[in-house]
Amino acid sequence: MNADPNCIFCKIVAGQIPARKAYEDDELLAFHDIHPWAPVHVLVIPKQHIATLAEVGPEHDALLGRMLGLAPRLMKSLGVGNGFRTVINTGPDGGQEVYHLHMHVMGGPRPWSKG
Ligand code: AMP
Ligand code: ZN
């Protein structure tokens with residue numbers, strides 16, 4: 001699978017640095033954000049290294065659909081029953097800090113620390 005040896009999320013996929021996993025299958029991994037904005041704050045990533053949403057093509061349509069489709073099941077499994085927020089920061093002006101495609105999925109009772 002396509003991986004970048006310098007990428008922190010590829011290292012999480014490879015088990016080289018720890019993460020609190022919430023879901024895993026052949027293509028996707030979800031783990032809890034290390035600096036949560038909300039009571040439940042999970043990142044959903046493809047296991048393959050794709051740097052940013054700006055680089056995806058039609059060949060990634062199914063993968064992107066699976067990432068989004070996972071969000072409601074994940075939130076349900078984590079006990080979030082009153083709505084959630086999904087965010088993908090893309091590129092410098094999008095506020096992206098980690099260049100491995102990821103979708104933030106945030107839920108739980110408000111107020112939240114951010115967002
Ligand atoms: P973004 O601005 O969308 O690129 O956000 C990157 C997110 O990754 C931030 O919310 C960070 O708190 C989170 N993050 C960075 N390193 C880790 C890590 N090792 N484990 C879990 N979350 C991380
Ligand atoms: Zn990566």
Side-chain angles (χ1 to χ4, degrees):
M1 193 171 293
N2 190 22
D4 175 341
N6 298 313
C7 168
I8 189 163
F9 289 176
C10 284
K11 288 181 185 171
I12 288 176
V13 170
Q16 289 162 358
I17 64 169
R20 192 153 68 91
K21 292 181 185 177
Y23 176 85
E24 183 166 16
D25 65 25
D26 287 350
E27 282 187 313
L28 303 179
L29 179 65
F31 53 93
H32 293 266
D33 196 291
I34 208 165
H35 294 125
W37 305 356
V40 177
H41 184 167
V42 170
L43 302 175
V44 175
I45 70 168
K47 285 188 167 177
Q48 64 172 287
H49 182 82
I50 299 168
T52 156
L53 188 61
E55 315 197 316
V56 303
E59 69 275 22
H60 299 111
D61 282 356
L63 179 69
L64 292 168
R66 281 192 281 273
M67 287 174 67
L68 189 59
L70 178 61
R73 298 195 297 276
L74 193 55
M75 289 296 103
K76 198 173 177 190
S77 77
L78 294 169
V80 172
N82 198 37
F84 57 87
R85 186 168 173 214
T86 48
V87 173
I88 301 178
N89 297 323
T90 303
D93 288 351
Q96 185 173 2
E97 289 174 3
V98 176
Y99 278 77
H100 180 128
L101 175 63
H102 54 281
M103 178 175 68
H104 298 255
V105 189
M106 294 163 279
R110 286 181 181 267
W112 294 356
S113 63
K114 211 169 139 186

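Just follow the structure's listing: the first ligand is 1, and inside any ligand the first atom is 1. Because the structure is predicted, anything quoted here is derived from the model rather than measured.
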May I ask you to list the atoms of ligand 1 that are less than 4.0 angstrom from any heavy atom of [X]?
X	answer
His35	12 (O)
His102	1 (P), 3 (O), 4 (O), 5 (O), 6 (C)
His32	21 (C)
Asp33	7 (C), 8 (O), 9 (C), 10 (O), 11 (C), 12 (O), 13 (C), 22 (N)
Asn89	1 (P), 2 (O), 3 (O)
Leu43	8 (O), 13 (C), 22 (N)
Gly95	2 (O)

Considering heavy atoms of the protein only, find what lies nearest to atom 4 (O) of ligand 1 and give residue, atom and distance to 0.1 Å. Glu97 N, 2.7 Å

Taking atom 22 (N) of ligand 1 as the reference point, the nearest protein heavy atom with its distance: Ile34 N, 3.1 Å

Linking I/L/V/M/F/W/Y whenever any side-chain heavy atoms sit under 4.5 Å apart, do [X] and [Y] land together?
X	Y	answer
Leu43	Met106	no
Ile88	Val98	no
Tyr99	Val56	no

Any N/O of Val98 closer than 3.5 Å to an N/O of ligand 1? yes

Backbone or side chain, does any N or O of His104 fall under 3.5 Å from an N or O of ligand 1? yes

Tell me which N, O or S atom of His49 sits nearest to the Zn ion (ligand 2). ND1

Can you tell me the N, O or S atom of His100 that's nearest the Zn ion (ligand 2)? ND1

Can you establish whether the number of heavy atoms outside Asp93 located under 6.0 Å from its atom CG is more than 12? no

CG (Asn2) with more than 12 external heavy atoms under 6.0 Å: yes

Before giving the answer on ring pair (Phe, Tyr, Trp, His ring centres under 6.0 Å), spell out for His41 and Trp112 the whole-Å C-alpha distance, their side-chain angles and the decisive distance to 0.1 Å. CA-CA 10 Å; His41 184 167; Trp112 294 356; 8.5 Å; no

How does Phe9 reach ligand 1, by side chain, by backbone, by both or by neither, if only non-hydrogen atoms under 4.0 Å count? side chain

Would you call the rings of His100 and His49 parallel, tilted or perpendicular if under 30° counts as parallel and over 60° as perpendicular? perpendicular

Quick one, His32 and Leu78 - any side-chain contact, counting heavy atoms below 4.5 Å? yes

Test item, Phe31 contacting ligand 1 (heavy atom, 4.0 angstrom): yes

Leu63 and Ile50: side-chain contact (heavy atoms from CB on, under 4.5 Å), yes or no, with the steps? CA-CA 11 Å; Leu63 179 69; Ile50 299 168; 3.7 Å; yes

For Arg66 and Asp25, what are the C-alpha separation, side-chain angles and deciding distance, and is it a side-chain contact (heavy atoms from CB on, under 4.5 Å)? CA-CA 11 Å; Arg66 281 192 281 273; Asp25 65 25; 5.8 Å; no

